[in-house]
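Data block below; observations after.
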Amino acid sequence: MRDRGIPAGPVERSTPIMAYGSLAWSLSALLGLLLTPSLGLEPPRISFPLESPERPLPLFSQPDIKNTTTLLLSDDDSTLFVGAQDTVLSLDVSQPGVITMKTKMEWKPPPDVLHECTTKGKKETTDCPNFVRVLQPINATHLYACGTFAYNPHDTYMDTDTLTMAEVSRKYNNGKVCCPFNPYQRNTAISVDGELFTATTNDFLGKTPMVSRHLSKDGRPDVSQDTSVTLNEPTFVSSASDTSEGKVYFFFSEVGNEYSFLDEFKVARVAQVCKCGLANASDTTLMAVKESFLASGSVRPIGNAPVLNSPDQRYSRIAALRTKAANGQDYTILFLLSESGFLHKAVLLNKDTHIIEEIQVFRQPQLVKNILLSTSKGVLYVGTSEGVTQVPVSQCSSYKSCAQCVLARDPLCGWDPASGHCASVSAIPANARQDVEHGNVMKECQGSLTAKPLLVEVYAQLNEVVRLKCSRSSNLATLSWKSAKASALPHHLFFHSGDENLVFMATPDTFRIYHCISVERGYEETAAIYTVRQSVSPQAIDTPAVQIRITTTETKDQMTTMIPSDTDKLDLINFGEDPVITTDVTTTNKTPDTQSTTENLEDKTPDTNSSTEKPEDMTPDPLSSSEKPEDIVNHNEPLTAKNYHSELVAVSFLLAVCVCVLVLGGLYGWHLQGRYKLGPSDTAEGGYKEENDPLEVSPPSIKKAE
């Protein structure tokens with residue numbers, strides 16, 4: 001970078017990953033994370049989908065506010081300024097878990113500017129609005145803002161309290177070299193001591209990259225990148241400042257001219273801009289810097305290797321947090337925003353990187369998005385086209401046991417043995433249980449209660465397919481099934497589905513107790529216990545209607561009731577279809593003495609054809625004595641569930657009583673016929689003759705008087 005005629009600090013470039021002091025150590029790893037492919041990275045330990053109750057995320061969203069992607073946090077971390085489409089917002093984030101709007105200012109291009117944008121071949125709704133791409137504090141009372149403004153960048157000053165444009169602002173002034181023309185191109189900006197440093201493109205086609213200083217103080221003119229230092233198709237990522245050395249760093253990638261390949265090769269770069277540091281340098285030094293702007297060697301990351309390699313993720317934004325674990329050791333936690341819509345939380349260990357969790361923060365993949373970390377509040381703000389999401393840096397309460405808390409290996413979370421909860425390490429008075437490097441549960445959780453397994457009872461019919469479900473405690477855990485009857489489940493009876501559920505046929509050999517075992521880092525935990533029993537009655541199935549068919553026949557001289565034989569039993573086969581019941585009952589000559597018995601038989605007499613309905617549902621309305629045969633056909637009414645076993649016992653008892661009464665009555669009638677016999681001599685007189693009566697007392701010689 002040069003002043004016009006006044007020497008200034010050089011723009012230096014270096015290949016992947018450089019670290020300058022303690023200021024921006026995490027940013028030094030940025031480009032290596034973005035561009036270095038590798039294999040073998042473990043998946044995130046836990047995945048939280050959008051709107052997961054275990055990981056609640058406050059969201060600010062309104063239908064008329066779009067593309068809330070430029071974020072700026074106030075010095076006291078109580079106000080979040082948001083640059084959106086045709087709008088600048090100030091949001092109140094002073095209360096944890098709550099985001100409310102304080103002020104809104106519309107900043108739209110006028111109709112003539114929109115018309116000019118469309119005449120250049122751009123779409124009015126997607127290209128020509130004013131996308132606010134730069135928001136930076138200038139002093140204690142004002143902000144600097146720059147927007148694409150219908151492919152004609154404009155900038156302005158705004159009051160931080162009211163978001164009104166200042167009278168002295170360069171309202172609708174030329175914002176070229178401060179923000180891009182194209183709203184979908186990457187840019188970065190940072191303010192240092194009231195001066196603004198930007199890296200963007202400064203032409204309509206977005207082909208001319210430029211690093212510049214604006215709002216220069218102490219009478220110095222604004223300066224831009226020397227034309228001798230050219231950037232080759234750069235993609236700007238972020239920027240940082242080191243006030244101790246008076247330097248500003250720009251992180252980007254570009255096509256490397258120092259490599260000769262058939263295809264273009266993207267190289268990660270870091271540009272160092274010195275604020276006015278070489279002002280007293282000799283002409284020889286300045287000429288050497290001008291001719292050799294590229295560093296002599298690559299700047300390697302700490303450990304001489306990228307800290308994280310992901311073969312299946314493309315990270316677009318990064319934030320870093322430095323914290324102390326329970327043992328006092330310092331760890332770096334990275335928050336990586338992927339283009340697929342997930343935020344990855346990773347901790348850098350001594351030998352590898354562990355992804356603690358992934359959190360879905362937006363639904364659709366997006367090109368323009370941003371993240372901003374508030375270390376004082378312990379939250380991360382994610383700006384997307386859908387709104388602004390607030391993500392707590394940790395959710396320790398989601399780990400319900402000491403084992404799960406330790407296996408998380410989160411430097412921010414530890415198990416508190418006094419309260420029996422997983423909590424923030426800073427909130428645990430002493431003796432927090434934690435092992436970030438190894439996750440040794442047996443060592444850290446001795447004497448601590450583990451989570452109680454899920455206890456489930458399953459009832460199944462013979463030859464019915466049984467599926468036992470079990471959820472892994474984490475993506476890194478493996479599941480296995482055990483039984484009390486056998487150490488290993490035989491393959492000819494059991495098989496595991498793709499989701500690691502246990503599937504088998506219900507047979508006498510498979511009615512038993514099953515344990516679902518989760519194993520992670522050598523620690524074995526029972527996740528669920530299933531007791532599979534044979535059901536006494538058919539499984540309950542809801543039906544829209546139950547079909548009952550009743551047939552009646554009446555005569556005057558006899559009564560016949562059809563009672564099901566041993567083969568007329570109810571059979572249930574559950575194949576997932578809606579069952580139908582058909583009951584055949586034939587009754588005759590219902591008298592008041594037999595009415596209740598007949599109705600009881602009608603309520604509890606299934607037909608052999610009824611093969612898919614439960615006896616519990618077989619309860620038709622009792623038939624009154626006034627009903628006619630034609631009125632009691634095809635009654636389709638909801639039936640009340642009963643206990644089939646108890647009804648079967650009751651029906652059997654009533655049938656036995658009826659049979660006994662009938663047998664005793666028949667025997668008694670037969671006995672009477674043997675005792676009283678009509679004679680022909682007595683028929684004329686209308687009398688009768690009693691034979692073989694053991695109770696006869698009249699002498700045989702005495703004749704009846706004529």
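Here the structure is a predicted model, which means the values were calculated and not measured.
- Using modelled atom types and a 3.5 Å distance limit, the side chains of S224 and D222 yield no donor-acceptor pair.
- Every residue two or more places apart in sequence or in another chain that forms a side-chain contact (heavy atoms from CB on, under 4.5 Å) with D193 is listed here: K275.
- Using modelled atom types, one finds a donor on one side chain and an acceptor on the other under 3.5 Å when comparing T188 with S239.
- Side-chain contact, T69 with N370: no donor N or O sits under 3.5 Å from an acceptor N or O.
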Report task. Could you walk me through whether C422 and C405 pass the disulfide bond (SG atoms under 2.5 Å apart) test, one step at a time? Result -> CA-CA 6 Å; C422 190; C405 188; 2.1 Å; yes
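- Residues satisfying the side-chain hydrogen bond (donor to acceptor under 3.5 Å, both in side chains) test with T79, not counting sequence neighbours, are K102.
- Residues meeting the salt bridge (Lys or Arg N to Asp or Glu O under 4.0 Å) test with D76, sequence neighbours left out: none.
- The neighbour count for E264 CD, taken as heavy atoms of other residues, nucleotides or ligands under 6.0 Å away, does not exceed 12.
- A donor-acceptor contact closer than 3.5 angstrom links the side chains of E437 and N350.
- In this structure, D330 pairs ionically with K324, as a charged nitrogen and a carboxylate oxygen lie closer than 4.0 Å.
- For S340 and S338, the side-chain atoms include at least one donor-acceptor pair closer than 3.5 Å.
- Checked against side-chain contact (heavy atoms from CB on, under 4.5 Å), A84 has the following partners two or more places apart in sequence or in another chain: I65, T68, T87.
- Checked against ring-ring contact (aromatic ring centres under 6.0 Å, His included), H142 has no partners two or more places apart in sequence or in another chain.
- The side-chain contact (heavy atoms from CB on, under 4.5 Å) search around T201 returns P180, Q185, D203, not counting sequence neighbours.
- Residues that satisfy the salt bridge (Lys or Arg N to Asp or Glu O under 4.0 Å) test with E339, not counting sequence neighbours, are R314.
- R433 is linked by a salt bridge (Lys or Arg N to Asp or Glu O under 4.0 Å) to nothing, counting only residues two or more places apart in sequence or in another chain.
- For the 3.5 Å distance criterion, the side chains of S424 and S426 qualify, holding a donor opposite an acceptor.
- Ring pair F252/F236 is tilted by interplanar angle, where 30° to 60° counts as tilted.
- In this view, T141 and N139 satisfy the side-chain hydrogen bond (donor to acceptor under 3.5 Å, both in side chains) rule, not counting sequence neighbours.
- Tested against W107, the residues L163, D86, V132 include a single side-chain contact (heavy atoms from CB on, under 4.5 Å) partner, V132.
- Between E195 and R220 there is a salt bridge, since at least one side-chain N of the basic residue sits less than 4.0 Å from a carboxylate O of the acidic one.
- For an aromatic pair to be called close, the ring centres must be under 6.0 Å apart, and F197 with H214 fails this.
- Residues forming a ring-ring contact (aromatic ring centres under 6.0 Å, His included) with Y151 (at least two apart in sequence, or on another chain): F204.
- Contact check for V425 versus P411: no side-chain heavy atoms found under the 4.5 Å cut-off.
- With sequence neighbours left out, V379 forms a side-chain contact (heavy atoms from CB on, under 4.5 Å) with S374, K377, Y381, Q390.
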Query raised in the report: Between H344 and Y315, does a side-chain contact (heavy atoms from CB on, under 4.5 Å) hold up when you go through it step by step?
Result: CA-CA 9 Å; H344 285 186; Y315 296 119; 2.8 Å; yes
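- For the atom pair OG (S212) and CG (L196), the distance works out to 9.5 Å, reported to the nearest 0.5 Å.
- With sequence neighbours excluded, no residue forms a ring-ring contact (aromatic ring centres under 6.0 Å, His included) with F131.
- Note that CZ of R269 is 12.5 Å distant from OG1 of T235, once rounded to the nearest 0.5 Å.
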Query raised in the report: Going through the checks in order, is the side-chain contact (heavy atoms from CB on, under 4.5 Å) test met by M158 and T164?
Result: CA-CA 5 Å; M158 295 181 180; T164 55; over 6 Å; no
